[in-house]
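Comments concern the structure below.
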Amino acid sequence: MAVSGHDADRKAGMGKWEGYPPPPPPQAQPAARETEREWVPWVVPVFVAANVAMFAVAMYANNCPAHAPRSAGRRCVGAGFLGRFAFQPLRQNPLFGPSSATLEKLGALVWDKVVHGGQGWRLFTCIWLHAGVVHLLANMLSLVLVGLRLEQQFGFARVGVIYLASGVGGSVLSSLFVRDNISVGASGALFGLLGAMLSELFTNWTIYTNKAAALVTLLLVIAINLAIGMLPHVDNFAHIGGFLTGFLLGFVLLMRPHYAWSQRYVLPSSVKDAGRKYLPYQWALLAVASVLAVIGLTVGMAMLFRGVNGNEHCQWCHYLSCVPTAKWSCGK
């Protein structure tokens, strides 16, 4: 301990102090500012490994050279050196991945099977499947860049809950609007992490210095990714559903002590709210977000399993997932 060390030093130098007034007692130093715990990320690497492993399983089960017709089998990408892990012909899957039939067999999101087949588990399993190498690499790179930072700051439990819940939330909204195509990918869960980053910035506004720069940068990243989701063959409803879920959960799970409380040992005692760990507006945001999250998920699940078609209640919503142009259509 520091006190023991000081006593030892004083005894060792006692002869030097003899004949002089004793030195003044050590002044009590203000307690050090409480530092936030920095977690060692492990759940995000586990998620990455699980997604990669599931893609390997999908390619093994796909076995393009054996399952494709003989004429088409010759066009399996990489059949000469990848064997049964060869990719589907690029005309069928330009992302270098398995067939739609294989993805559907392994748990892809299919509206008819979820609603009429009682296979609600597909809302969860689809977030571990990817359409191809390009799809997988893009999502895993995003997961590492966004997820590691969040897990270091807030721990595995909160980040894991946001990731998984956002993935399911994205699947629910996708199922309400997309009926004719299958859907796979971790994009909904990733957008949930982006949404959580945005709400974390709002609820912990007092602890940030460059608030405007952080807000503009984050909004720009979100806007670009949502705009990309308007291209054909991209399920932007999963992105939006995941984003909204993560945005609400961020207010609930990522609340931090405000700046004055974290600096309470070095700020004057006259500073208002220094004794309060969280500010009233943080609690208000938490309460509102909790209610909205529960209501949103409950209503969404109820509408889904009742077979409600979201497009019938929102005539323009299909433009959120694909905007037709002269160069592409938004059909199947």
Side-chain angles (χ1 to χ4, degrees), residues 38-39 41 43-45 47-48 51 95 127 130-156 158-171 173-174 183-256 285 289 292-293 296 317 319-323 325:
E38 184 168 307
W39 299 76
V43 76
V44 168
F47 286 161
V48 172
N51 279 279
L95 299 179
I127 69 177
H130 286 82
V133 173
V134 177
H135 190 202
L136 176 69
L137 290 178
N139 278 352
M140 293 305 99
L141 179 61
S142 300
L143 177 56
V144 169
L145 293 177
V146 177
L148 287 181
R149 171 189 172 274
L150 283 176
E151 189 176 355
Q152 285 176 341
Q153 294 181 344
F154 298 100
F156 68 92
R158 286 181 280 186
V159 172
V161 169
I162 292 173
Y163 181 88
L164 297 176
S166 298
V168 174
S171 298
L173 189 63
S174 174
S183 180
V184 294
S187 301
L190 293 174
F191 269 85
L193 295 182
L194 285 175
M197 289 180 66
L198 182 61
S199 57
E200 188 268 331
L201 176 61
F202 287 143
T203 194
N204 300 322
W205 189 254
T206 62
I207 69 175
Y208 286 98
T209 53
N210 298 323
K211 300 178 177 64
L215 179 60
V216 170
T217 301
L218 190 54
L219 288 176
L220 183 61
V221 171
I222 294 170
I224 291 174
N225 282 275
L226 287 175
I228 293 174
M230 293 182 181
L231 296 174
H233 309 297
V234 179
D235 186 0
N236 214 23
F237 287 113
H239 298 172
I240 296 171
F243 175 81
L244 293 176
T245 304
F247 182 71
L248 294 176
L249 290 179
F251 289 116
V252 178
L253 299 176
L254 303 185
M255 189 168 66
R256 286 171 161 181
L285 289 173
L292 291 178
C317 283
Y319 291 115
L320 294 175
S321 187
C322 182
V323 177
T325 68

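Owing to the predicted nature of the structure, the values given are computational and were not obtained by experimental measurement.
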Test your reading of the model: is there a side-chain donor-acceptor pair from [X] to the backbone of [Y], 3.5 Å cut-off?
| X | Y | answer |
| --- | --- | --- |
| Ser321 | Val234 | yes |
| Thr217 | Ala213 | yes |
| Ser166 | Ala189 | no |
| Glu151 | Val159 | no |

Roughly how far apart are [X] [atom1] and [Y] [atom2], rounded to 0.5 Å?
| X | Y | atom1 | atom2 | value |
| --- | --- | --- | --- | --- |
| Leu136 | Leu95 | CG | CG | 11.0 Å |
| Ser199 | Leu254 | OG | CG | 6.0 Å |
| Phe191 | Ser142 | CZ | OG | 8.5 Å |
| Leu173 | Thr245 | CG | OG1 | 8.5 Å |
| Ile127 | Ser183 | CD1 | OG | 11.0 Å |
| Leu190 | Leu145 | CG | CG | 10.5 Å |

query: Relative to the ring of Phe202, is the ring of Phe251 parallel (under 30°), tilted (30 to 60°) or perpendicular (over 60°)?
result: parallel

Is there a side-chain contact between [X] and [Y] (heavy atoms, below 4.5 Å)?
| X | Y | value |
| --- | --- | --- |
| Gln153 | Trp39 | no |
| Leu244 | Ile240 | yes |
| Val144 | Val48 | yes |
| Asp235 | Ser187 | no |
| Leu220 | Ile224 | yes |
| Phe243 | Asn225 | no |
| Leu215 | Leu198 | yes |

Provide the closest heavy-atom pair for [X] versus [Y] in the form atom of the first, atom of the second, distance.
| X | Y | answer |
| --- | --- | --- |
| Leu249 | Val161 | CD1-O, 4.5 Å |
| Tyr163 | Ala186 | OH-CB, 3.4 Å |
| Asn236 | Leu320 | ND2-O, 2.7 Å |

- prompt: Which pairs count as ring pair (Phe, Tyr, Trp, His ring centres under 6.0 Å) when at least one residue sits in residues 130-151, sequence neighbours excluded?
  reply: His130-His135

NZ/NE/NH1/NH2 to OD/OE distance under 4.0 Å, Arg256 and Glu200: yes

Tyr319 atom OH: more than 12 heavy-atom contacts under 6.0 Å: no

- prompt: Which of these passes side chain to side chain contact (heavy atoms under 4.5 Å, CB included) with Leu150: Leu193, Val44, Ile162?
  reply: Leu193

